[in-house]
Protein chains: 2
Amino acid sequence: MSAAEETGVEDAPWSEVTPEAARRLLVAAVEAFAERGYHATTTRDIAGRAGMSPAALYIHYKTKEELLHRISRIGHDRALRLLEAAAEGEGTAADRLADAVRSFVRWHAERHTTARVVQYELEALGEEHRAEIVGLRRKTDAVVRGIIGEGVRAGEFDVPDVPGTTLAVLSLCIDVARWFNAQGSRTPDEVGTLYADLVLRMVGAQK
Amino acid sequence: MSAAEETGVEDAPWSEVTPEAARRLLVAAVEAFAERGYHATTTRDIAGRAGMSPAALYIHYKTKEELLHRISRIGHDRALRLLEAAAEGEGTAADRLADAVRSFVRWHAERHTTARVVQYELEALGEEHRAEIVGLRRKTDAVVRGIIGEGVRAGEFDVPDVPGTTLAVLSLCIDVARWFNAQGSRTPDEVGTLYADLVLRMVGAQK
DNA sequence: CCCGAAGCTGAGCAAGCGCTTAGGGGGACG
DNA sequence: CGTCCCCCTAAGCGCTTGCTCAGCTTCGGG
């Protein structure tokens, strides 16, 4: 049983967003931002995809930037929760690291439209909103560094540069959102398994 | 001596762009695109950074998109040349792979503003221009897959999934452009060395 | 001394942008 | 039946965008 299933991080993507019209707008925005990027997406395009007039957007969201923030916040929360669930699991450090990478990568592949927005449109956020998100990302980093650190202390891993390797592992996982294509030949599960193996090699875990 | 030095891939970044005013505009565009993204950058901003009026841009470039294409073309050419030089070098597959990763990563770190534009603004290109760039990226992929394949055939590497590992290696290197910060604590050389080591682990090269 | 080409500017156009506002329609409740 | 409130739309405001164009300057060759 994976960390995601254990902790009941449900897959229904935007169930916490209400009312329904606000959710439809948010889903439309995710699609549009992922396809064209935040700055190239117009509020008219978002409203159109949601089957509404341009003005309807401003009943549910103050600005276009608030939409991006909501998406980014929820996405980062979800991804962080996946990692934490894996970190708090049982088994050796290698087990937990593999579980963390598998969940994290699978999320980035399965929800690659969302992940693309979450990971690559950070700089379009306003000052305070960006600061909040950066805080969440530091937590993400800390979780992975924690697992790797434990593995080193337990003698399971051979890692000369823990912060550097942590950075590389996260970078590798995050970049899945950029290249993953749903029409491609690999399923999210396959990519997750491949990457978990590669990461275990990176930290020198004995097989 | 590294592959870059051997083949005289000079570091002077945009020396092939003439006349000087066109080069100034291009350098200004690289900075602006890297900071704000292509769509959020205005032609007035580019011209302003180059110390010219907005209209001056259109004497040297037909459109804003042509500027992006020129940047992307030159950047991809340079990066591909680095990889090819390493691939054609001497030594074991491990030597050549490490050299390739080191050069490629160092380029992405040293010229991270350029690399950011080159790697992450691809979708802003027009139809034919994008197709041309995608062709160059396929060549890049082929070079890395070639080195890894040779290592496997020579019994140097242990890689169950060559295309998947190639993808991961390139993804890891490219993403350096996203997170690398010149004010950070790591030099491009240090990152290159760290990453070369990590990649050798990923392909199971015996030390 | 003049000329044409090349490089650049000031002014500005049409289109599209984020966002606002006045008002309509329909369900819940008295 | 009337009233209130919540969603939503049509229209459009003020501004910025990519790009154009007539005209000015600079400069090498005859």
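We use all heavy atoms of the structure for the numbers below, so side chains are in, but hydrogens, waters and symmetry mates are not.
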From CD1 of B/Ile59 across to C1' of D/dG23 the rounded distance in Å is 12 Å
A/Ala55 has its side chain closest, among D/dA10, D/dC19, C/dC8, to D/dA10
Figure out the OH/C1' separation between A/Tyr61 and C/dG18, and round it to whole Å. 17 Å
How many Å lie between CG on B/Leu57 and P on C/dG7, as a whole number? 14 Å
Below 6.0 angstrom between ring centroids: does that apply to A/His129 and A/His69? yes
Out of C/dG12, C/dG18, C/dT9, which has the shortest distance to the side chain of B/Arg44? C/dG12
So, are B/Arg178 and B/Asp175 salt-bridged, with charged N and O less than 4.0 Å apart? yes
Within less than 4.0 Å of OP1 or OP2 of D/dG18, is there a side-chain N or O belonging to B/Thr43? yes
Nearest-nucleotide wise, let me know which of A/Ala21 and B/Lys62 is further upstream toward the 5' end of DNA chain D. A/Ala21
I need the CZ-P distance between B/Arg36 and D/dT17, as an integer number of Å. 10 Å
Side chains of B/Thr41 and B/Glu35 in contact at under 4.5 Å (non-hydrogen atoms): no
Is any side-chain N of the basic residue among B/Arg36 and B/Asp45 closer than 4.0 Å to the acidic one's carboxylate O? yes
With respect to the phosphate group of D/dT20, does any side-chain polar atom (N or O) of B/Tyr58 fall under 4.0 Å of OP1 or OP2? no
Can you check the A/His39 NE2 to C/dG18 P distance for me, whole Å? 11 Å
Expressed in angstrom and rounded to an integer, what is the separation of B/Lys64 atom NZ from C/dG16 atom C1'? 13 Å
Distance, rounded to the nearest Å, where A/Ile46 contributes CD1 and C/dG16 contributes P: 18 Å
OP1 or OP2 of C/dC8 versus the side-chain N and O atoms of B/His60: is any pair under 4.0 Å? yes
From the list C/dC8, C/dG18, D/dC19, which nucleotide is the closest neighbour of the side chain of B/Pro54? D/dC19
Is there a side-chain polar atom (N or O) of B/Ser53 under 4.0 Å from OP1 or OP2 of C/dC8? no
Quickly, which of B/Arg138, B/Arg145, B/Lys139 forms a side-chain hydrogen bond (donor to acceptor under 3.5 Å, both in side chains) with B/Asp141? Name it, please. B/Arg145
Distance in angstrom units between A/Asp45 CG and C/dG16 C1', rounded: 13 Å
